[in-house]
A.B. asks: 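To start, I am sharing the structure in question, which I have written as structure tokens.
Each chain gets a letter, A, B and so on, in the order its sequence line appears, and its residues count up from 1.
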Protein chains: 2
Amino acid sequence: MLAKSSTELVRQQNSVLVLSALRRHGRLAHTEISDATGLASATISSITADLERARIIEKSEQQATVGRGRPRVLFSQRRNCGYLITVIISSDLIQYSLVDYAGTLLDRFSEPRGEGGTAAFLAAISAGLERAVERSRIERGSVLLVSVSSKGLARPTEPVLVWSPVFGSQPVDFAAALKDGWQAKVILNNETLLVAGALLERQVKTQGGGEPVLAALSLGHSIGLGIARRVTGGVPEISAPNFGHMLHMPNGGLCRCGARGCVEAYAGFYAILRAAFEVPVDTIPAKFVPVTEIDKIAARARQGNRMAQLAFRNAGAALGYGLSRLLSLHGHMPVFITGPGTRYQDLLQAGIEEGLAQTHVVRLGGMPGLTVVPDEPSLVFEGHLNLAFSIVDQDIIGSRQSMQAAGE
Amino acid sequence: MLAKSSTELVRQQNSVLVLSALRRHGRLAHTEISDATGLASATISSITADLERARIIEKSEQQATVGRGRPRVLFSQRRNCGYLITVIISSDLIQYSLVDYAGTLLDRFSEPRGEGGTAAFLAAISAGLERAVERSRIERGSVLLVSVSSKGLARPTEPVLVWSPVFGSQPVDFAAALKDGWQAKVILNNETLLVAGALLERQVKTQGGGEPVLAALSLGHSIGLGIARRVTGGVPEISAPNFGHMLHMPNGGLCRCGARGCVEAYAGFYAILRAAFEVPVDTIPAKFVPVTEIDKIAARARQGNRMAQLAFRNAGAALGYGLSRLLSLHGHMPVFITGPGTRYQDLLQAGIEEGLAQTHVVRLGGMPGLTVVPDEPSLVFEGHLNLAFSIVDQDIIGSRQSMQAAGE
DNA sequence: AAGCTTTTTCTCGACAGTCGAGAAATTAGA
DNA sequence: TCTAATTTCTCGACTGTCGAGAAAAAGCTT
């Protein structure tokens, strides 16, 4: 059923439109906002006046006055309108970043990821968040959103990790990491989902369009996949299918998830190691494999070692077959490959293409674009900011109290 | 980027909201519309007055006057506001149905699907459409939409069949079937997509909710799949992934599409035939297989014939593995099985469950609900109407000329 | 049969929002 | 100092939703 609409909702939507234009271009004048949003000048006046009264945006000091005419007044977000903490969880570290409402990074630090169960893990994150606000002398209450990312499967509605490489199917509820004194909302997203979102936003920014949909494939100890799709007149739709644990081969090699024959059990780092040393495929896979180990295998493969070459080729084929199934079920789209595994692209490529070549969609639509984008960490952070600010802006506008109270 | 919003759009959206309430419940009074939409009574007055002036809805003759109080005035669509033709293409027949704006079926007839290429095929459809309007003495111009369905792959934006079992990858553009004198828009959708849409709408109607997403699997000569997902405050999102030609087994049996190892090449009727008679898997598959042939194999299987049993079991496994991949890439969801193949469900079930059981998603989320819904044709027709009317209503409201001109 | 009750529909005024046009502001250049 | 250029601001017209209460129209009561 459609939702009913009202004039107040119109104002809300146009307000977030103004804010998102400010996010995308940063520090805009009245006329520029009008151009970017398509709204009439008078409307911009009204909206910016509201937002200014509500102390969400402010007139910028530094007037970039160039040309004749009346000098332009630049608007930008009020920095201390609120804060945002991103928490990026990887296999060995947890990275915390504190960002102000204008999107500038104020502080960043990492902590080693300790041992222990989910309770200890959540306690560590709780402490990390406390440390983040204390270091910058910020009130807990002014943190609007905590955006967490991890590998694994997140519940779509709540910040609960349903499955992760480390804790398996033991659920981790990140909402529990915030104790009293915090008013922040907590969101959790798969890491590669954020990468896909960041790549899509980059396309929009540079080319102003391009393909309306793309996939991000992250290669490493585990295999991640994100899909991002532009929808006309709305926020992009991003999702993280369980690609790494999709079935690659019935009754195949044992996977870390406990199932058999997953894509990851052939294309993850530990799987490449297992294949290269001809360890039986039902061996319990190693928890952690140092990248240097895989580098050694890659070196041997590049020197002509058959078994090492085969390990990478089979990994590539598992990815290729998986991608062919992805294209079958989600439609044709370009694929961007990222993560530490990209350094073995030369060894994987042939297998990937072999796996892709057979299928109907590829025969119809041609080989999908395969682009390597090595710098995964900055994509993850970009994805955090894109998503988090779109939510924060929406929320801040949605809670109209702030706008009206401040107007008194 | 978000789209800008305006007060006129608000009225548009609320108008289609009123129309869709009328679609769902049929013939409503002022207050009922208000309850169903959540709009204020005054707003309903204004909108219904507009729609009545524009000759889109009318006050119903038959006043179901029961109880005290002022008698209610029932509104319903004006029957001759416009017409809709659905064209359901199956392997041997083409069925045409003429429906008026209120949703009642006026005429229906079928024609055998002749031989020949795409040009002859389009000419036949063109003739069929002419016949439909002539039989009911309706003006071509008053047909608002022609909704076509077929098995195969449709281009998302235009009514072009990109791949079909009969014409292969030779594209068929149904827009070409309408010559001068027609103003109708033409839409084309995969048959099983419509089934999925109809099933979702049925759930909404009966349970007012249920799972927000489901898959429809159609078993027959070819394998079709549709996904329907409810989105909060919007039209449901329905899609038809290329499930039948997703890779089941690398270097596997030859498929009608020319590729190897597709799901269909193991689970389609011709594949079951091929397996039961131990014909080599690279044999060019039969174009048409009478259902009676499959019935015979099923009878033998039920009497204990090993080879026949295996044919069905392998078909089931191909479906099960395919579904496990579907759940991996689209998330956990219930599956509704339909089509002529449902009569062999007893023989397929074990294989399907075996194929599903292994995967990570199923281990996490449990075995998905598998429900058999035998009556595919009525689901297809329902799906046509749901989708077509939502488009027609949107269009009729969107073209404001009609509303203003009629208001003079 | 007249009046009362009940229920629905309709109408009016208040309020919120967008937009176009033009006034006001402000600076660069003549 | 005046003028042209450019941006911002303001005003009135228009469209839309909503709540409250009037008007309508039937059944029920006496």
Side-chain angles (χ1 to χ4, degrees), chain A residues 2-18 27-54 57-60 62-75 397-398 400-401 403-404 407, chain B residues 2-18 27-54 57-60 62-76 397-398 400 403-404 407:
Chain A
L2 286 161
K4 78 170 187 183
S5 196
S6 66
T7 50
E8 281 90 353
L9 277 177
V10 168
R11 168 54 69 97
Q12 266 192 40
Q13 181 163 344
N14 286 341
S15 296
V16 303
L17 189 59
V18 167
R27 208 197 289 286
L28 291 179
H30 189 108
T31 43
E32 293 170 321
I33 299 178
S34 174
D35 288 350
T37 58
L39 293 166
S41 164
T43 308
I44 302 297
S45 280
S46 170
I47 289 176
T48 51
D50 266 15
L51 293 176
E52 217 181 341
R53 249 198 312 279
I57 64 173
E58 62 188 357
K59 293 196 175 109
S60 175
Q62 154 206 347
Q63 309 290 40
T65 170
V66 68
R68 278 204 207 208
R70 179 169 173 171
R72 1 177 84 184
V73 187
L74 299 182
F75 286 101
I397 299 289
R400 293 272 303 169
Q401 291 90 313
M403 314 238 351
Q404 281 153 349
Chain B
L2 286 159
K4 77 169 186 183
S5 195
S6 66
T7 50
E8 281 91 352
L9 277 177
V10 168
R11 169 53 69 97
Q12 267 192 40
Q13 182 164 342
N14 286 340
S15 296
V16 305
L17 189 59
V18 167
R27 209 197 287 287
L28 291 180
H30 188 108
T31 44
E32 293 170 321
I33 299 178
S34 174
D35 288 350
T37 58
L39 293 167
S41 164
T43 309
I44 302 297
S45 280
S46 170
I47 290 176
T48 50
D50 266 16
L51 292 176
E52 217 182 341
R53 249 199 311 282
I57 65 173
E58 61 188 358
K59 292 195 173 112
S60 175
Q62 155 205 349
Q63 308 290 38
T65 171
V66 67
R68 282 208 206 207
R70 178 169 172 169
R72 0 176 86 186
V73 188
L74 299 181
F75 287 101
S76 61
I397 299 288
R400 294 273 301 172
M403 315 241 343
Q404 281 154 348

A.B. asks: Specify the separation, in whole Å, of atom CD1 of I44(A) and atom C1' of dT18(C).
C.D. replies: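 The answer, rounded to whole Å, is 11 Å.
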
A.B. asks: Atom OG in S60(B), atom CZ in R72(B): separation rounded to 0.5 Å?
C.D. replies: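 Reported value, rounded in 0.5 Å steps: 12.5 Å.
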
A.B. asks: Donor-acceptor pair, distance only, cut-off 3.5 Å: does the side chain of E32(B) make one with the backbone of A29(B)?
C.D. replies: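 Confirmed, E32(B) side chain pairs with A29(B) backbone.
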
A.B. asks: Quick one: what's the B/S/- string for nucleotides 1-6 of chain D, heavy-atom cutoff under 4.0 Å, read 5' to 3'?
C.D. replies: ---BBB

A.B. asks: Using only side-chain N and O atoms of S6(B), determine if any of them is under 4.0 Å from OP1 or OP2 of dC19(C).
C.D. replies: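 No, S6(B) has no side-chain N/O under 4.0 Å of OP1/OP2 on dC19(C).
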
A.B. asks: Using modelled atom types only, decide if a donor and an acceptor are shared between the side chain of S34(B) and the backbone of L39(B) within a distance under 3.5 Å.
C.D. replies: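 Pair found, side chain donor or acceptor close to backbone of L39(B).
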
A.B. asks: If you look at every strand shown and take non-hydrogen atoms under 4.0 Å, does S46(B) touch a base, only sugar-phosphate, or nothing?
C.D. replies: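 Nothing, no nucleic acid heavy atom in range.
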
A.B. asks: Rounded off to whole Å, could you give me the CG-to-P distance for the D50(B) and dC10(C) pair?
C.D. replies: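 These atoms are roughly 13 Å apart.
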
A.B. asks: Just N and O in the side chain of T7(B): are any of them under 4.0 Å from OP1 or OP2 of dT17(D)?
C.D. replies: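 It does not, given that no N or O in the side chain of T7(B) lies less than 4.0 Å from OP1 or OP2 of dT17(D).
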
A.B. asks: Atom CG of L74(A) and atom P of dT7(D): how far apart are they, to the nearest Å?
C.D. replies: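 Rounding to the nearest Å, CG of L74(A) and P of dT7(D) are 12 Å apart.
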
A.B. asks: Using a 4.0 Å heavy-atom cut-off, does L39(B) contact any base of the nucleic acid, only the sugar-phosphate backbone, or nothing at all?
C.D. replies: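 Sugar-phosphate contact only - L39(B) comes under 4.0 Å of backbone atoms but never of a base.
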
A.B. asks: Once you round it to whole Å, what is the distance between P of dT7(D) and CD1 of I33(A)?
C.D. replies: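 Going from CD1 in I33(A) over to P in dT7(D) covers 13 Å.
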
A.B. asks: Where each residue is assigned the nucleotide of DNA chain C containing its nearest heavy atom, which of S41(A) and L9(A) is assigned the position nearer the 5′ end?
C.D. replies: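 Nearest nucleotide further toward 5': that of L9(A).
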
A.B. asks: Do the side-chain N or O atoms of S45(A) get closer than 4.0 angstrom to the phosphate oxygens (OP1, OP2) of dT8(D)?
C.D. replies: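 No, because none of the side-chain N or O atoms of S45(A) sits under 4.0 Å from OP1 or OP2 of dT8(D).
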
A.B. asks: Rounded to the nearest Å, what distance is computed from the CZ atom of residue R53(A) to the P atom of nucleotide dC9(D)?
C.D. replies: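 Atom-to-atom, R53(A) to dC9(D), this comes out as 12 Å.
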
A.B. asks: What's the CD-C1' distance between E8(A) and dT18(C), to the nearest Å?
C.D. replies: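 My rounded result for the distance is 14 Å.
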
A.B. asks: Nearest to the side chain of I47(B) - dT10(D), dT17(D), dG17(C)?
C.D. replies: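 My answer, after comparing the listed nucleotides, is dT17(D).
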
A.B. asks: Side-chain N or O of N14(A) versus OP1/OP2 of dG17(C): is the shortest distance under 4.0 Å?
C.D. replies: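 No, because none of the side-chain N or O atoms of N14(A) sits under 4.0 Å from OP1 or OP2 of dG17(C).
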
A.B. asks: Out of curiosity, S76(B) OG to K59(B) NZ, how far, rounded to the nearest 0.5 Å?
C.D. replies: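 The distance works out to 12.0 Å.
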
A.B. asks: I need the NZ-P distance between K59(A) and dA25(C), as an integer number of Å.
C.D. replies: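 Rounding to the nearest Å, NZ of K59(A) and P of dA25(C) are 14 Å apart.
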
A.B. asks: Going from CG on N14(B) to CG on D50(B), what distance comes out if it is rounded to the nearest 0.5 angstrom?
C.D. replies: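 It comes to 12.0 Å.
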
A.B. asks: With sugar-phosphate meaning primed atoms plus P, OP1 and OP2, does A29(B) contact a base, only sugar-phosphate, or nothing at under 4.0 Å between heavy atoms?
C.D. replies: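 Here A29(B) touches the backbone only, sparing every base.
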
A.B. asks: Is any side-chain heavy atom of I397(A) closer than 4.5 Å to one of L51(A)?
C.D. replies: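 Heavy-atom side-chain distance check passes, below 4.5 Å.
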
A.B. asks: Once you round to the nearest 0.5 Å, how far does CG of D35(B) lie from NE2 of H30(B)?
C.D. replies: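 Rounded to the nearest 0.5 Å, the CG-NE2 separation comes out at 10.0 Å.
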
A.B. asks: Rounding to a whole Å, what distance do you find between R11(A):CZ and dG16(D):P?
C.D. replies: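 Distance check: R11(A) CZ to dG16(D) P gives 18 Å.
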
